[in-house]
Amino acid sequence: MSSSFRSKSIDSILAPNPDLYEQSASDSNFLKDFGQETLALTKRLFIQLQRRPSTLVAGIIQPFMWLVLFGALFSKAPQGLFGNDLNYATFLAPGVIVFTAFSGALNAGLPIMFDREFGFLNRLLVAPLASRYSIVAASTIYIITLSFIQTAVIIGASAFVGAGFPSVMSLLAIAMIVFLIVLGVTAISMGLAFALPGHIELIAVIFVTNLPLLFASTALAPLEFMSKWLQVIASLNPLTYAIEPIRYIYMNSNWSMDSIVMHNPWFAINFMTIAVILLGFDALILLAIQPLLKRRFT
Amino acid sequence: MAAAVLIENLQKSYGNVRAVKDISFAVQSQEIFGLLGPNGSGKTTTLRCLCTLSKPDLGKISVGNVNAIANPKVARQRLGYIAQEVAIDKVLTGRELLRLQAALYHIPRKLIDPRIDQLVQALGLEDYANLKTGTYSGGIRKRLDLAAGLLHQPEVLVLDEPTVGLDIESRQLLWDFLRQLKSAGTSILLTSHYLEEVDALADRLAIIDQGRVIAEGTPSELKDQVGGDRVTLKIREFTPDQEAEQAKDMLSSLPFVDSVLVNNAQGNSLNLIVKSNTRVLTQIEQSLTSLNLPTFSLAQSRPSLDDVYLAATGKTLMDAEIAASSSRDMKKEKKQQMK
């Protein structure tokens with residue numbers, strides 16, 4: 001607001017420009033607009049990460065501790081208890097990979113909730129976004145990147161404790177599975193961030209779902225170890241369908257889409273079924289949160 | 001030509017609280033329109049409905065020829081919204097925040113940086129644009145928020161209490177900037193509970209009280225409707241009750257005096273309403289001399305917007321402000337709005 005703003009040229013800077021909004025009001029640019037806003041929102045998250053890297057540091061230390069401490073806890077378990085020639089650390093690694101990605105995704109709604117409470121989300125809501133799914137997309141890209149870094153560290157650490165190193169094909173499959181589980185869970189968390197009254201409630205929901213979903217999955221023990229009722233719950237838990245294929249890949253270097261990964265209480269499941277289950281889970285969640293994203297905070 | 005903003009019979013409740021009962025007004029193209037009212041009168045709720053953050057219970061809202069309730073996305077593109085509390089991400093620099101905002105409004109990529117440079121210059125933010133916004137003072141934050149709201153060159157700029165918490169210099173700069181913005185062709189809607197702000201800036205205004213419009217017009221129209229001139233008289237700096245009453249009785253009997261009020265809160269000063277456009281000060285002073293009373297201060301003025309508010313509601317804006325602040329639970333209201 002220097003005194004120079006009285007000059008004539010300033011008038012053209014401050015004047016409304018209807019061309020600009022007539023242009024972008026047309027829906028023909030949907031994909032371009034969606035891409036632009038998603039990219040910009042993602043960039044914000046990465047700038048935050050770069051300037052406040054503590055989440056990344058903690059996110060790498062935590063799964064490492066899981067692996068070391070839980071591994072040590074069961075290190076005296078009888079040989080072969082968790083499968084042929086398998087030590088517990090190797091058994092555990094896929095569980096830790098999925099659980100780490102899951103926790104990160106479950107927390108994805110927290111920054112959105114804080115944006116809501118500090119009023120920053122209003123900045124996004126008054127803007128003519130192509131779709132509010134760009135907010136979900138940006139968070140997913142961010143969480144996926146973190147999860148891949150964490151997964152790489154866990155795979156490296158597991159190789160070090162004797163789990164072996166998966167082939168390139170296997171790594172791609174693991175990445176795909178991690179992506180599918182992160183997408184669905186991130187979307188749930190974003191939906192909650194739009195639906196719940198405040199961060200206290202969101203943290204409460206995260207708190208009561210996080211560990212119970214871990215224990216009611218095959219992350220720490222195989223399905224056969226569980227009592228019947230827990231087997232049913234674990235078989236309804238999407239985490240199980242992310243953990244089991246990764247574990248199978250770890251144990252069998254020769255796998256194909258037809259390989260039988262596991263038996264839940266009702267039927268046998270191969271990689272194809274896993275893909276269908278995880279894709280269905282994602283599609284269901286993304287559809288379910290649509291009304292939440294659209295809603296106005298009355 | 002359609003009004004820049006048209007709001008008709010707007011109603012909005014939060015739970016049991018009827019924040020907006022019946023509000024209608026129109027902002028004409030290229031004018032500054034002020035919504036004046038005490039805190040809690042429904043100003044912010046009205047703006048939230050206009051900017052598509054809240055959905056009205058009833059009523060019509062158009063921006064230009066666009067129905068903002070049916071086509072919120074088109075309305076959003078035409079509006080720039082400056083909230084009362086500037087929400088910035090303190091980890092980002094000013095320029096990074098502006099780049100994010102530009103992308104949210106789909107400004108073509110190659111135009112973004114030149115556009116940001118223009119606004120950074122126009123708002124004098126050159127020294128701050130590359131610093132993290134967490135280091136900004138209130139005035140600089142507000143300027144950054146203005147730059148963000150103007151990036152997409154909106155038809156209508158909407159500002160909620162733009163100068164609350166600003167120092168006097170920042171406030172004056174903001175006023176000048178808004179006038180400049182208007183003369184460049186932007187229509188401006190602002191809310192304020194500062195009388196002098198609306199008086200100084202607004203071409204037209206609506207006074208809002210308890211969720212209703214109670215008066216609308218230009219500042220001078222509204223003042224003329226109230227009628228009469230105002231005279232403030234202090235006999236002494238602190239006048240004894242008895243002298244004040246004595247003077248009141250005498251002044252009430254003068255032909256050009258409509259009413260006299262003794263203001264205890266101001267050391268028993270006397271507030272008179274007299275016939276418009278009559279120079280009465282000399283006569284008042286002479287009458288006081290005849291009672292052997294001195295004159296400490298004496299001034300005649302046109303009615304203020306506060307007098308307009310007083311005439312319509314029976315209380316001054318200041319009183320309404322104090323009453324509202326004691327009966328209002330800001331935290332609860334914020335919670336309500338987030339639901």
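Just so it is clear, the structure is predicted and the values come from calculations on it, not from any experiment. Chain naming here is simple, since letters A, B, ... match the order of the sequence lines and numbering starts at 1 in each.
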Visitor: Under 4.5 Å heavy-atom distance to chain A, tell me which part of B:Ile112 shows up: side chain, backbone, both or neither.
Guide: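 It is the side chain, since no backbone atom gets that close.
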Visitor: What's the verdict on side-chain contact (heavy atoms from CB on, under 4.5 Å) for A:Arg44 and B:Leu92, showing C-alpha distance, side-chain angles and the deciding distance?
Guide: CA-CA 8 Å; A:Arg44 174 183 172 222; B:Leu92 300 183; 4.1 Å; yes
Visitor: Quick one: closest heavy-atom pair of B:Ile107 and A:Gln36, and the distance?
Guide: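 Smallest heavy-atom distance, with atoms named: O-NE2, 2.9 Å.
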Visitor: If you measure from CZ on B:Phe177 to CG on A:Leu14, what distance do you get to the nearest 0.5 Å?
Guide: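 The CG atom of A:Leu14 is 4.5 Å from CZ of B:Phe177, to the nearest 0.5 Å.
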Visitor: Within a reach of under 6.0 Å around OH of A:Tyr133, are more than 12 heavy atoms found that belong to other residues, nucleotides or ligands?
Guide: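 Atom OH in A:Tyr133 is crowded, with more than 12 foreign heavy atoms closer than 6.0 Å.
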Visitor: Pick from B:Leu119, B:Leu97, B:Asp57: which one has the most heavy-atom pairs with chain A under 4.5 Å?
Guide: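 Option with the greatest count: B:Leu97.
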Visitor: Rounded to the nearest 0.5 Å, how far apart are OH of B:Tyr105 and CG of A:Leu129?
Guide: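 Those atoms lie 8.5 Å apart.
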Visitor: With heavy-atom distances below 4.5 Å as the criterion, would you say the side chains of B:Gln153 and A:Ile13 are in contact?
Guide: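 When only atoms from C-beta onward are counted, A:Ile13 and B:Gln153 do not touch, as no gap falls below 4.5 Å.
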Visitor: I need the B:His106 NE2 to A:Phe34 CZ distance, nearest 0.5 Å.
Guide: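 If I round to the nearest 0.5 Å, the distance is 10.0 Å.
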Visitor: Around atom NZ of B:Lys182, are there more than 12 heavy atoms from other residues, nucleotides or ligands closer than 6.0 Å?
Guide: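 Result for NZ/B:Lys182: enclosed.
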Visitor: Please identify which of these residues, B:Arg78, B:His152, B:Gln77, meets the side chain to side chain contact (heavy atoms under 4.5 Å, CB included) condition with A:Pro128.
Guide: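 Going through the options one by one, the only one that passes is B:Gln77.
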Visitor: Any side-chain heavy atom of A:Arg123 within less than 4.5 Å of one from B:Asp145?
Guide: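 The answer is yes, as the side chains (C-beta and beyond) meet within the 4.5 Å cut-off.
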Visitor: Can you confirm whether B:Val91 sits close enough to A:Arg52 that some side-chain heavy atom of one is under 4.5 Å from a side-chain heavy atom of the other?
Guide: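 They are in side-chain contact.
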Visitor: Using a 3.5 Å distance criterion without hydrogens, assess whether the side chain of B:Thr52 forms a donor-acceptor pair with backbone atoms of A:Val126.
Guide: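 It does not hold such a pair.
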Visitor: Looking at B:Glu155 and A:Pro16, would you say the former's side chain and the latter's main chain have a donor-acceptor pair under 3.5 Å?
Guide: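 Not a single qualifying donor-acceptor pair exists.
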Visitor: Non-hydrogen atoms of chain A under 4.5 Å away: do they reach the side chain of B:Ile88, the backbone, both or neither?
Guide: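 Answer is both: backbone and side chain atoms of B:Ile88 are under 4.5 Å from chain A.
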Visitor: At a 4.5 Å cut-off on heavy atoms, which part of A:Leu41 comes close to chain B: side chain, backbone, both, or neither?
Guide: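 Contact with chain B involves both backbone and side-chain atoms of A:Leu41.
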Visitor: Decide yes or no for A:Asp115 and B:Asp89: does some side-chain heavy atom of the first lie under 4.5 Å from some side-chain heavy atom of the second?
Guide: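 No. Closest side-chain heavy atoms not under 4.5 Å.
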Visitor: Which distance, rounded to the nearest 0.5 Å, do you find between the NZ of B:Lys73 and the CG of A:Asp33?
Guide: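 Atom-to-atom, B:Lys73:NZ and A:Asp33:CG are 6.5 Å apart.
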Visitor: Any heavy-atom pair between the side chains of B:Lys132 and A:Arg51 that's under 4.5 Å?
Guide: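 SC-SC contact between A:Arg51 and B:Lys132 confirmed.
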Visitor: Hey, is CG on A:Leu287 packed in by over 12 heavy atoms from elsewhere, all under 6.0 Å?
Guide: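 More than 12 heavy atoms, drawn from other residues, nucleotides or ligands, come within 6.0 Å of this atom.
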Visitor: Tell me, out of A:Ser134, A:Ala127, A:Ala15, A:Ala130, who's got the most heavy-atom pairs with chain B below 4.5 Å.
Guide: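 With the most close heavy-atom pairs to chain B, the winner is A:Ala127.
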Visitor: Please look at B:Glu96 and chain A and tell me whether the side chain, the backbone, both or neither of the residue comes under 4.5 angstrom of a heavy atom of that chain.
Guide: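 Only the side chain of B:Glu96 comes within 4.5 Å of chain A.
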Visitor: Report the distance from atom CG of A:Asn122 to atom SG of B:Cys51, rounding to the nearest 0.5 Å.
Guide: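 Reported value, rounded in 0.5 Å steps: 9.5 Å.
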Visitor: Within a 6.0 Å radius of atom NZ on B:Lys21, are there more than 12 heavy atoms belonging to other residues, nucleotides or ligands?
Guide: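 Atom NZ in B:Lys21 is crowded, with more than 12 foreign heavy atoms closer than 6.0 Å.
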